[in-house]
Amino acid sequence: MPDPNGTLGGFSFILGGLPGMEAARFWLAFPLCAMYVVAVVGNCAVMFVVKTEPALHIPMYFFLCMLAAVDLVLSTCTVPKLLSSFWFDAREIGYKACLVQMFFIHTLSGVESTILLAMAVDRYVAICHPLQHSAVLTNSVTAKIGLVAVARGAIFFLPPPLLVNRLPFCGSKVLTHSYCVHQDVMHLACGNRMPNIVYGLTAILAVMGLDSLLIFTTYVMIIKTVLQLPSRQERLKASGTCVAHVCIVLAFYVPLIGLSVVHRFGRGLPLLVHVTMGNVYLLLPPVLNPLVYAARTKEIRSRALKAMKIA
């Protein structure tokens with residue numbers, strides 16, 4: 001009897017590459033590898049500096065540590081396989097491994113979105129209600145928010161792999177991207193995909209959509225408060241504490257929105273556009289986040305430079 005869903009371990013997908021650029025894949029893997037190294041070293045450095053610098057033991061930097069940990073795991077569960085497919089043409093990925101990777105990619109993206117919202121709330125309380133900041137966002141509350149972020153991501157994004165698991169696959173097994181995401185995998189199925197489509201859209205709107213709306217609302221209130229400050233220097237100082245966070249919010253949501261639009265409405269676009277948007281969405285935030293905060297945070301920058309001099 002055939003095993004359409006690969007429950008016996010004999011079913012595999014073929015990861016996509018760069019359409020029309022097959023000959024250049026080997027060389028393109030080198031800059032991707034460099035980006036991965038930057039992401040690993042940068043995020044590890046952020047966590048190390050925050051851990052060893054008592055002055056940074058405040059909610060904003062604890063949230064930054066959580067973000068660095070998420071980026072580290074997200075890039076590690078996808079980039080090594082991507083590099084092996086580019087360098088060694090090891091494009092095959094087992095069915096179960098694909099579902100596991102899908103779960104981690106979507107769950108960690110949901111966790112990152114929640115942490116970005118928590119960071120926005122932290123900035124709101126610090127700027128709009130500074131006297132209450134230490135009482136509202138204690139270390140205990142910060143830790144609980146981190147646990148809620150993980151639970152929320154897991155709860156919302158456990159169903160997609162389960163919904164895929166019920167589908168039969170009887171046609172092409174070649175994925176568009178170099179990793180497994182729900183939108184990509186479900187389009188290869190030949191069964192009823194409507195539950196996948198409805199739940200996938202619902203989960204994205206309930207997590208990333210809601211978070212982005214709340215972040216926008218939070219910054220509207222922050223801007224109103226900043227504009228009411230009496231001096232220009234105070235306004236610059238208050239808004240300056242938000243610049244790094246705004247940058248990483250844009251680095252996360254702009255590629256996410258672009259990839260979602262391409263998946264939903266870009267059927268006529270060249271396949272290379274889909275692949276490029278997918279790789280940008282996956283690689284850009286883990287690389288940019290530590291660089292942005294190192295550039296904008298004197299304590300992180302000075303501590304990292306000191307560690308490099310000692311080494």
Side-chain angles (χ1 to χ4, degrees), residues 30-83 104-105 107-123 125-126 133-134 137-154 240-252 255 281-311:
F30 285 99
L32 293 177
C33 182
M35 292 176 69
Y36 176 59
V37 171
V38 170
V40 171
V41 173
N43 286 296
C44 286
V46 166
M47 291 188 288
F48 173 77
V49 170
V50 173
K51 181 179 183 298
T52 56
E53 187 63 51
L56 301 181
H57 290 179
I58 57 176
M60 181 172 71
Y61 294 109
F62 287 143
F63 287 135
L64 181 58
C65 267
M66 296 177 196
L67 200 65
V70 170
D71 285 337
L72 193 60
V73 177
L74 180 59
S75 56
T76 300
C77 76
T78 53
V79 178
K81 181 61 180 175
L82 184 151
L83 293 176
F104 275 105
I105 289 174
T107 296
L108 292 170
S109 296
V111 173
E112 183 157 353
S113 178
T114 306
I115 293 172
L116 290 174
L117 173 59
M119 294 174 80
V121 173
D122 172 73
R123 292 297 83 211
V125 177
H133 183 262
S134 58
L137 285 170
T138 62
N139 290 346
S140 174
V141 170
T142 304
K144 289 176 182 176
I145 291 174
L147 292 175
V148 168
V150 174
R152 183 183 184 224
T241 63
C242 300
V243 171
H245 180 253
V246 171
C247 290
I248 63 175
V249 166
L250 293 175
F252 178 78
Y281 162 67
L282 193 69
L283 291 171
L284 189 64
V287 173
L288 281 187
N289 291 351
L291 295 179
V292 167
Y293 267 93
R296 294 293 307 176
T297 308
K298 181 181 178 181
E299 294 86 353
I300 292 178
R301 185 171 63 252
S302 59
R303 181 75 178 181
L305 290 173
K306 184 179 178 181
M308 288 172 64
K309 289 179 181 178
I310 293 173

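Note that CG of L64 and CD1 of I115 are 10.0 Å apart. Values are rounded to the nearest 0.5 Å. Annotation: the span from C65 atom SG to N43 atom CG amounts to 10.0 Å, rounded to 0.5 Å. Distance check, rounded to the nearest 0.5 Å: CD of E112 to CG of L67 gives 4.5 Å. Between L116 atom CG and F252 atom CZ the span is 6.5 Å, to the nearest 0.5 Å. To the nearest 0.5 Å, atom CZ of residue F63 and atom CD1 of residue I58 are 11.0 Å apart. Here the straight-line distance linking atom CG of L291 with atom CD1 of I248 works out to 12.0 Å at 0.5 Å rounding.
Under the side-chain contact (heavy atoms from CB on, under 4.5 Å) criterion, A251 pairs with L288, sequence neighbours left out. Partners of T78 under the side chain to side chain donor-acceptor pair (under 3.5 Å) rule, at least two apart in sequence or in another chain, do not exist in this structure. Applying the side-chain contact (heavy atoms from CB on, under 4.5 Å) criterion to V243, with sequence neighbours excluded, gives C247, R296. Among residues two or more places apart in sequence or in another chain, the side chain to side chain donor-acceptor pair (under 3.5 Å) test is passed with S75 by none. For S134, the side chain to side chain donor-acceptor pair (under 3.5 Å) criterion is met by no residue, not counting sequence neighbours. L283 is linked by a side-chain contact (heavy atoms from CB on, under 4.5 Å) to L32, M35, V79, counting only residues two or more places apart in sequence or in another chain. The side-chain contact (heavy atoms from CB on, under 4.5 Å) search around A120 returns I215, T218, Y219, H245, not counting sequence neighbours. The salt bridge (Lys or Arg N to Asp or Glu O under 4.0 Å) check on R152 picks up D211, with sequence neighbours excluded. Checked against ring pair (Phe, Tyr, Trp, His ring centres under 6.0 Å), F62 has the following partners two or more places apart in sequence or in another chain: H57.
Contacts classified as side chain to side chain donor-acceptor pair (under 3.5 Å) and involving residues 137-149 (residues at least two apart or in different chains) are not found. Applying the side chain to side chain donor-acceptor pair (under 3.5 Å) test to every pair with at least one member in residues 58-73, sequence neighbours left out, gives these pairs: D71-N289.
Closest heavy-atom contact between P290 and P285: CD-O, 4.4 Å. Between V40 and L72, the shortest heavy-atom distance links the atoms CA-CD1, 3.6 Å. Listed here is the closest heavy atom pair of G153 and V111: CA-CG2, 4.3 Å. The two residues M66 and G146 make their nearest non-hydrogen contact at SD-CA, 3.7 Å. Taking all atoms of both residues into account, the shortest heavy-atom contact from L284 to P255 is CD2-CG, 4.1 Å. Pairing each heavy atom of L83 with each of C33, the nearest pair is CD2-N, 3.8 Å.
Within the 4.5 Å cutoff, side-chain heavy atoms of H133 are placed close to those of D122. Contact of the I145 side chain with the L137 side chain is registered, since non-hydrogen atoms from C-beta on lie closer than 4.5 Å. You'll find the side chain of Y281 reaches within 4.5 Å of the side chain of S109, heavy atoms only.
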For residues 44-52, tabulate all N or O donor-acceptor pairs below 3.5 Å that involve a side-chain atom, not counting sequence neighbours.
residue : atom : partner : partner atom : Å
T52     : OG1  : F48     : O            : 2.8
T52     : OG1  : V49     : O            : 3.4
T52     : OG1  : R303    : NH2          : 3.4

